[in-house]
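Residue numbering restarts at 1 for every chain, and letters A, B, ... go by the order of the sequence lines. Just so we're clear, the structure is a prediction, and the values are computed from it rather than from any experiment.
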There are 2 protein chains.
Amino acid sequence: MSIQARRERERAERERLIVTAARELAETEGWDAVTTRRLAAEIEYSQPVLYSHFKGKEAIMAAVAVQGCADLAVELRQARAAAPGVREALAAVAETYTSFARRRPALYDAMFTHLVPLPFATQEAPEPLREAFGRLLAAVEPIAADGEDPGLLTETFWAALHGLATLTRSGRLPEPAHEQRLALLIGHFTGG
Amino acid sequence: MSIQARRERERAERERLIVTAARELAETEGWDAVTTRRLAAEIEYSQPVLYSHFKGKEAIMAAVAVQGCADLAVELRQARAAAPGVREALAAVAETYTSFARRRPALYDAMFTHLVPLPFATQEAPEPLREAFGRLLAAVEPIAADGEDPGLLTETFWAALHGLATLTRSGRLPEPAHEQRLALLIGHFTGG
DNA sequence: CAGCGATTCTAGCGTTGCTAGCCAATCTGC
DNA sequence: GCAGATTGGCTAGCAACGCTAGAATCGCTG
């Protein structure tokens with residue numbers, strides 16, 4: 001059985017290679033540059049190999065999105081841990097979230113903008129997704145008023161951050177006032 | 001000069017035809033179905049004709065987006081006019097906005113999700129865009145606290161609505177609780 | 001070492017957005 | 001009223017896309 005084990009190991013390694021190459025290519029040149037041909041060349045295999053690992057391009061993007069959620073979760077955890085108080089933690093998390101979207105647009109798009117075949121709002125959602133949401137929840141929960149469902153409040157807050165991030169990045173909201181909008185949002189959610 | 005006038009009239013009419021066909025095709029079958037070939041067949045002309053009117057497919061989508069903004073502006077105006085009070089007006093506008101995104105997803109995507117070559121946050125933005133934003137502003141302005149910039153507050157509120165709309169429609173937020181999230185948002189923005 | 005499976009590659013299909021160059025219909029000047 | 005110029009649409013085709021069938025090659029087994 002050792003030989004089959006090695007094969008599966010190599011296979012898993014190559015799958016990791018594909019996802020990494022797709023992520024790096026997307027982050028440096030955008031998702032439009034991530035074609036199956038280009039990606040195959042990058043990993044030094046032929047095109048059809050990709051399809052022996054993933055159902056199609058969307059599935060590769062989904063895998064990248066999951067990785068991205070893990071990254072985001074780490075950043076959010078650090079941001080919250082470094083903040084002295086409840087309100088500061090929320091602000092830090094919000095700032096980190098929108099900054100993540102600005103710094104890593106391709107990754108963010110795969111996670112939250114593009115249509116990817118991923119279960120999100122269910123228990124079958126991949127762990128990194130639930131993890132990232134959990135980091136938001138941890139920051140929002142303390143500011144929930146009596147009778148407010150923390151989960152729903154987190155979803156609402158998340159949506160607001162997502163809207164700010166995407167509209168700003170697409171040029172529909174002017175960049176400069178971003179911090180002020182963020183402050184307004186925090187203010188209204190912390191009841192100030 | 002009358003003959004040239006007629007030509008320009010016919011040309012403008014055909015341009016209207018292109019935009020309308022693109023919008024209808026997108027609304028019924030999604031933007032993926034709007035290929036240049038399909039669109040050309042729909043208007044009963046050949047492909048290259050499209051390029052004598054628009055620089056490319058993106059420009060056609062942009063034209064559809066502008067139409068969509070006009071439609072949205074009308075709906076928002078009606079919603080606000082029918083509401084008895086300030087808070088109700090805000091709720092009605094929010095409800096109308098997200099419902100628009102749900103009822104006309106292709107149109108909404110062209111307006112606010114897809115990358116379209118349109119100036120947004122500047123004075124050169126097409127009139128329907130500024131009009132739609134103005135409808136939001138009119139609903140948000142009355143609930144702005146002292147010292148809060150109504151414009152910035154409107155942008156923030158808009159972003160929240162946009163986030164709710166897109167995340168819900170892409171399945172990242174569960175549909176059923178949408179109304180509750182909307183209520184939470186309104187609550188926090190009206191300081192309740 | 002021969003044969004057999006599994007796996008990778010070559011080649012190609014159907015579509016996409018977009019464009020070059022031909023061709024015909026229309027307007028202008030004699 | 002008619003030849004010449006011009007506008008404008010159409011046919012045909014390019015390069016690139018996601019994806020797949022079938023050939024070919026690799027590595028293990030007896």
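Salt-bridge formation is not detected for the pair A/Glu175/A/Arg169: no Lys NZ or Arg NE/NH1/NH2 atom is positioned less than 4.0 Å from an Asp or Glu carboxylate oxygen.
Rounded to whole Å, the distance from CG on A/Leu50 to C1' on C/dT8 is 12 Å. When the C1' atom of C/dA20 is taken as reference, atom OH of B/Tyr51 falls 14 Å away, rounded to whole Å. Remark: P of C/dT8 and CD1 of A/Ile43 are 10 Å apart, rounded to the nearest angstrom. We find that CD of B/Glu44 is positioned 15 Å from P of D/dG9, with the value rounded to whole Å. Protein atom NE2 of B/His53 is 16 Å distant from nucleotide atom P of C/dC18, rounded to whole Å. For A/Glu10 and C/dT7, the CD to P distance is 11 Å, given to the nearest whole Å. Distance CZ (B/Arg38) to P (C/dT15): 13 Å, rounded to an integer number of Å. Between the NZ atom of A/Lys57 and the C1' atom of D/dA16 there is a distance of 12 Å, given to the nearest Å.
The minimum heavy-atom distance between A/Ala101 and A/Ala165, with the atom names listed, is CB-CB, 3.7 Å.
The base of D/dC10 has none of its N or O atoms less than 3.5 Å from a complementary donor or acceptor on the side chain of B/Gln47.
In this structure, A/Thr36 does not reach the D/dC19 phosphate: none of its side-chain N or O atoms is under 4.0 Å from OP1 or OP2. In this model, the phosphate group of D/dG8 is not approached by any side-chain N or O of B/Ser52 to a distance below 4.0 Å at OP1 or OP2.
Using a 4.0 Å heavy-atom cutoff across all strands shown, B/Arg14 reaches sugar-phosphate atoms only and no base atom. Using a 4.0 Å heavy-atom cutoff across all strands shown, A/Ser46 reaches at least one base atom of the nucleic acid.
Heavy-atom nearest nucleotides on DNA chain D were determined for A/Pro48 and for B/Arg37, and the one closer to the 5' end corresponds to B/Arg37.
A donor-acceptor pair shorter than 3.5 Å cannot be found between the side chains of A/Thr156 and B/Arg181.
Taking the six-membered ring for Trp and the full ring otherwise, A/Tyr45 and A/His53 have centroids separated by 6.0 Å or more. In this structure, the ring of B/Tyr97 has its center no less than 6.0 angstrom from the ring center of B/Phe157.
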